[in-house]
Each structure stands twice: as C-alpha cells, then as structure tokens.
Amino acid sequence: MAISGDVLRDCLPEVVGDFHVLAVDDSFVDRKVIERLLKFTSCKVTVVESGTRALQYLGLDGDTSSIGFDGVKVNMIMTDYSMPGMTGYELLKKIKESSVFREIPVVVMSSENILTRIDSCLEEGAEEFLLKPVKLSDVKRLTDFILRGEGKKVEGKRSQKRSRSDDSISSLSSSCSSCDLSSVSPSEISSKKSRL
C-alpha cells in the first residue's frame with residue numbers, strides 16, 4: 001500500500017483546525033491525555049473507548065445504521081495497542097483492509113516497548129508506534145508530518161532498521177532527558193541499542 005504525498009495533501013484539510021483525529025483507548029485517563037494534547041495542537045478530536053466503538057464510528061462494523069464515510073472525515077487514527085475485546089493491532093488490520101480508510105494514517109500507542117509488537121504494527125501499515133506516555137512533542141511531530149504530506153511513500157513493509165533505530169534512540173533520550181548525549185560515541189549508542 002503506497003500513500004504518496006499528493007494523495008495525503010488532497011485528503012487533508014488546508015488548516016490544522018480542520019484536522020480530525022479519532023483517538024481509541026480503553027483507559028479513561030489516557031483518553032483524556034490524548035484528547036488534551038490533540039486539542040492543544042488545534043485538532044478536532046473524537047475519543048472512543050474500544051476498537052469496536054471505533055469501527056462503529058467509522059461505519060466498518062457492518063451495521064447499515066452506522067455513520068459511514070460520508071458523515072465522517074478522519075485524518076488520523078491513534079489507537080492503544082492493548083485493549084480488551086479488540087486490540088489496537090486488530091483495529092489497525094481492519095482499517096487497512098477497508099477500501100475507504102486504508103490510506104488514513106494510523107498511529108499505535110503502547111506503554112510496553114516490545115519490538116515484535118512494534119515491528120508487526122509497522123509491517124501491517126501503522127504510520128508510527130509511540131511509547132506512552134505520549135508527549136505534546138509526539139503529537140505535534142505527527143500532525144506536522146502528516147499535514148506536510150510526508151506519509152508513507154513505499155510499498156509494503158517499512159524499514160525495520162529505521163523504526164528500531166528511531167525507537168531505541170528516542171527511548172534512550174526520553175529515559176535520560178537530562179543527559180548530554182552529545183558526549184556519547186556512536187559505538188556506545190549501538191551497544192545500548194543492542195541491549196534494548
């Protein structure tokens with residue numbers, strides 16, 4: 001599945017205020033945090049508590065009384081990985097199987113840094129995998145990235161090397177935000193990444 005920058009630009013609004021994000025999380029606290037962060041960046045936000053409710057909202061549950069795509073304009077979907085009933089991974093697969101929503105960027109979030117989960121989500125078509133707690137800088141980076149039309153441009157699997165490197169380095173820097181990483185040599189970073 002390829003998403004060119006032109007396709008994304010055509011699908012996305014001209015101004016950030018019209019940028020609509022569907023946030024899916026079973027935790028009330030996490031839903032509120034994500035909603036607040038997204039609203040801080042002037043996004044329109046719809047929050048739901050489960051994958052099943054997200055499918056109902058998108059009209060992908062097979063129910064003819066659901067809203068459907070004509071009534072829903074979603075520019076990005078953010079979902080928790082671990083939810084009861086339907087996981088974020090299963091929701092991602094349903095969205096990517098949809099002819100209507102498959103090009104919408106999906107971001108998966110988790111409090112667990114499990115590389116097999118990260119890889120499987122990225123291979124299935126997730127735009128990004130974020131570690132919780134999600135920060136304002138994460139949300140800002142994602143919305144800026146998508147609004148610029150720099151979504152996926154390659155067919156099939158994403159580069160595992162890039163995702164693992166980015167995740168490892170961001171994990172290192174976020175867990176040690178007061179550290180000066182400029183004094184750390186590349187070989188030290190590589191050895192730390194291999195231990196992750």
Side-chain angles (χ1 to χ4, degrees), residues 1-4 7-8 10-13 19-28 30-35 37-38 43-132 134 138-139 142-143 145-147 149-160 163 167:
M1 172 197 70
I3 299 178
S4 70
V7 171
L8 275 174
D10 291 341
C11 294
L12 295 175
F19 191 83
H20 183 196
V21 180
L22 174 61
V24 186
D25 203 310
D26 61 312
S27 164
F28 176 79
D30 287 341
R31 280 196 310 272
K32 287 297 178 190
V33 168
I34 295 297
E35 182 178 25
L37 291 174
L38 287 165
C43 292
K44 178 182 174 189
V45 187
T46 300
V47 292
V48 294
E49 69 280 356
S50 69
T52 304
R53 295 287 291 160
L55 291 179
Q56 289 172 347
Y57 181 80
L58 295 170
L60 296 176
D61 62 342
D63 185 358
T64 55
S65 65
S66 294
I67 296 172
F69 186 67
D70 292 335
V72 178
K73 302 295 183 207
V74 174
N75 304 107
M76 184 169 68
I77 298 167
M78 296 181 74
T79 181
D80 183 28
Y81 182 91
S82 298
M83 295 184 291
M86 177 183 289
T87 66
Y89 178 74
E90 293 167 332
L91 176 61
L92 168 67
K93 286 178 69 169
K94 293 270 190 194
I95 291 166
K96 295 304 176 182
E97 290 168 0
S98 160
S99 59
V100 176
F101 290 103
R102 71 172 157 236
E103 293 184 355
I104 301 297
V106 178
V107 176
V108 180
M109 307 169 289
S110 179
S111 56
E112 300 170 310
N113 189 5
I114 301 172
L115 288 178
T116 55
R117 279 187 187 175
I118 296 169
D119 287 344
S120 63
C121 288
L122 293 174
E123 288 172 3
E124 193 61 44
E127 188 70 33
E128 190 67 65
F129 193 102
L130 297 177
L131 291 177
K132 291 181 178 182
V134 176
D138 294 327
V139 172
L142 283 170
T143 54
F145 178 74
I146 292 168
L147 282 171
E150 295 178 3
K152 286 183 226 147
K153 295 179 178 145
V154 295
E155 186 73 30
K157 298 179 183 178
R158 290 185 58 164
S159 167
Q160 291 181 4
S163 64
D167 289 339

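Bear in mind that the values here come from a model prediction, so they are computed numbers and not experimental data.
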Would you say that [X] contacts [Y] through its side chain, given a criterion of any heavy-atom pair below 4.5 Å between the two side chains?
X      : Y      : value
Thr79  : Val106 : yes
Leu131 : Asp138 : no
Leu130 : Val107 : yes
Gln56  : Arg53  : yes
Leu92  : Ile95  : no

Would you give the length of the straight line joining atom [atom1] of [X] to atom [atom2] of [Y], rounded to the nearest 0.5 angstrom?
X      : Y      : atom1 : atom2 : answer
Asp61  : Thr52  : CG    : OG1   : 9.0 Å
Met83  : Ser50  : CE    : OG    : 7.0 Å
Glu127 : Leu122 : CD    : CG    : 9.5 Å
Asp26  : Ser82  : CG    : OG    : 8.0 Å
Leu55  : Met86  : CG    : CE    : 4.5 Å
Leu115 : Phe129 : CG    : CZ    : 9.5 Å

* Verify side chain to side chain contact (heavy atoms under 4.5 Å, CB included) between Leu58 and Ile104, making sure each step is shown before the conclusion. => CA-CA 12 Å; Leu58 295 170; Ile104 301 297; over 6 Å; no
How close do [X] and [Y] get, counting heavy atoms only, and between which atoms?
X      : Y      : answer
Cys43  : Thr143 : SG-CG2, 3.8 Å
Leu22  : Ala54  : CD2-CB, 4.1 Å
Leu60  : Ser98  : CD2-OG, 3.6 Å
Arg117 : Ser110 : NH1-OG, 3.8 Å

* To do: For atom NZ of Lys132, decide whether the heavy atoms of other residues, nucleotides or ligands shown that lie under 6.0 angstrom number more than 12.
  => yes
* **Test log, rule salt bridge (charged side-chain N to carboxylate O under 4.0 Å, His left out), inputs Glu90 and Lys93** => CA-CA 5 Å; Glu90 293 167 332; Lys93 286 178 69 169; over 6 Å; no
* To do: Applying side-chain contact (heavy atoms from CB on, under 4.5 Å), name anything that partners Ser27, two or more places apart in sequence or on another chain.
  => Asp25, Val29, Asp30
* Residues in side-chain contact (heavy atoms from CB on, under 4.5 Å) contact with Ser120, at least two apart in sequence or another chain -> Tyr89
* To do: Evaluate the ring planes of His20 and Tyr57, with Trp represented by its six-membered ring, and classify them as parallel (under 30°), tilted (30 to 60°) or perpendicular (over 60°).
  => perpendicular
* Asked: Are Glu97 and Lys94 within salt-bridge range, i.e. N to O under 4.0 Å?
  -> no
* Walk me through it: do Val134 and Val33 pass the test side chain to side chain contact (heavy atoms under 4.5 Å, CB included)? => CA-CA 8 Å; Val134 176; Val33 168; 5.7 Å; no
